[in-house]
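Convention: sequence-line order gives letters A, B, ...; per-chain numbering from 1. Please read all numbers here as calculations on a predicted model, not as lab measurements.
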There are 2 protein chains.
Amino acid sequence: MTTRTALLDAAEHAARTRGFDAFSYADLSRAVGIRKASIHHHFPAKADLAHALISRYRESFALSLKSICEMNETAGARLSAFLDSYRSALSGGEAVCLCVAFSTGRDSFQDPVLAELDGFHRDCLAWLENVFTQALQDKSVSGAGAADAEASACLALVEGAQLIARAARDPRRFDDATTVFRGRLVNRN
Amino acid sequence: MTTRTALLDAAEHAARTRGFDAFSYADLSRAVGIRKASIHHHFPAKADLAHALISRYRESFALSLKSICEMNETAGARLSAFLDSYRSALSGGEAVCLCVAFSTGRDSFQDPVLAELDGFHRDCLAWLENVFTQALQDKSVSGAGAADAEASACLALVEGAQLIARAARDPRRFDDATTVFRGRLVNRN
DNA sequence: CCGAACCTACCTACTAGTAGGTAATACGTG
DNA sequence: CACGTATTACCTACTAGTAGGTAGGTTCGG
């Protein structure tokens, strides 16, 4: 584990539990065990850290979506796995996904970071739209409408459910909010 | 318009567009036109301002839900008006409702504020559950399931839709995310 | 004359970021 | 192999700026 990776991990955890603006280089230095100034060696400005964080997250999320497709055949099973991944990102109701964390504090960011954030959203919506298009064929999602509308609704639902669960520090709120949607998924694989 | 009200208005605007932790007393003082120290006369600590903000918001939101019920008969029409109120709170994609804004920055708050925030959520869910229960009777929401699950999903949907719309600075994202749900509402009144 | 509302001037704590130095390690060349 | 040179990774010590908050005085209407 390199120092750089340790810094990214600590920063991601802090951003997801408290928000990107709510942790300082001093916090990071305590968490990782190097001096505050040394962090600037790895990430000269906090904006550089933000960019590294979101782009690493975007890559790993793309891999995770790919793996969901490999391990699940039907649209219903894929969406169910998608819900699971957002649910597990809550980690006990303490955290939200980095995308939600960055969305809420968007003003602090400049172009390169914003572009990456928008890219993340686009990736995610495109994947969902694909899966909902598939659902129209394989009938594994009951009452499925237009794929693009379903995709937008699905993303808003999971992000809103995360927000509410974290606000209440209770991951069951996520389950409550996604019960109806889960009921629409035909879970054969 | 009293100074106190002007302060609350400016603070609410700032909290909804940028987040509660992202504006300072110095910002407020510029917006309202009194010195920074004078704000402490009205709200000794920023926590007092937070409490005043959320409790005023909770009250006014309760009134607005009441008024929705008075002006709309069916559950479908009421939910449609509910969506409208969240949609208009976006004000061009710049803002989110205060409840979303406070949810995202929850860590900065202490008990009295958190209690008020939880109260807001409870109020909102109770109202929605009532309306969805009504929907089972008046058939004005197609495919309606258990009222509590529908209520949770609806709240997560509108909050998530606000988050996404503000992240993209584009209120149409809210419409995209709520298209499917709107399609389920039978809009006779 | 009292108190609400406001002021100037200040404080402490913390922020991101910089300047400049020190080890250790890697690298190319005679 | 040995020697000089970069480079990496870290350090101490500092800056300028901003945060929320306080002390104490002024102004003014009831």
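The CZ atom of F43(A) sits 11 Å away from the P atom of dC10(D) (whole-angstrom rounding). As a whole-Å value, the separation of F20(A) CZ from dT15(C) P is 14 Å. Atoms NE2 (H41(B)) and P (dA4(C)) sit 7 Å apart, rounded to a whole Å. The CZ atom of R18(B) sits 14 Å away from the P atom of dT18(D) (whole-angstrom rounding). Rounded to whole angstrom, the span from the CZ atom of R30(B) across to the C1' atom of dA19(D) amounts to 12 Å. Atom OH of Y25(B) and atom C1' of dC6(C) are 15 Å apart (whole Å). Across the protein-nucleic acid pair, I39(A) atom CD1 and dT12(D) atom P stand 13 Å apart, rounded to whole Å. Atom pair H42(B):NE2 and dG21(D):P shows a separation of 15 Å (rounding to whole Å applied).
A side-chain donor-acceptor contact under 3.5 Å links R78(A) and Q134(A). Using modelled atom types, one finds a donor on one side chain and an acceptor on the other under 3.5 Å when comparing T5(A) with T2(A).
Residue I34(A) places its side chain closer to dC11(D) than to any other of dC11(D), dG17(C), dC7(C). Out of dC7(C), dT18(C), dA19(D), the shortest distance to the side chain of A37(A) is found at dT18(C). The side chain of K46(A) has dG17(C) as its nearest neighbour among dG20(D), dG17(C), dC6(C).
Side-chain N/O atoms of T3(A) include one lying less than 4.0 angstrom from OP1 or OP2 on dC10(D). OP1 or OP2 of dC6(C) has not a single side-chain nitrogen or oxygen of H40(B) nearer than 4.0 Å. The shortest distance between the side-chain N/O atoms of S24(A) and the OP1/OP2 oxygens of dT15(C) is below 4.0 Å.
Side-chain to base pairing of K36(B) with dG21(D): one donor and one acceptor N or O lie within less than 3.5 Å of each other.
For CZ of R173(B), the number of neighbouring non-hydrogen atoms (other residues, nucleotides, ligands) closer than 6.0 Å is 12 at most. Within a 6.0 Å radius of CZ in R35(A), no more than 12 heavy atoms belonging to other residues, nucleotides or ligands are found.
Backbone-only contact: F23(A) has heavy atoms under 4.0 Å from sugar-phosphate atoms and none from a base. If you check every strand for non-hydrogen atoms under 4.0 Å, S38(A) touches a base.
Figure legend: cation-pi geometry between K46(B) and F20(B), with NZ or CZ positioned under 6.0 Å from the six-membered ring centre and within 45° of its axis.
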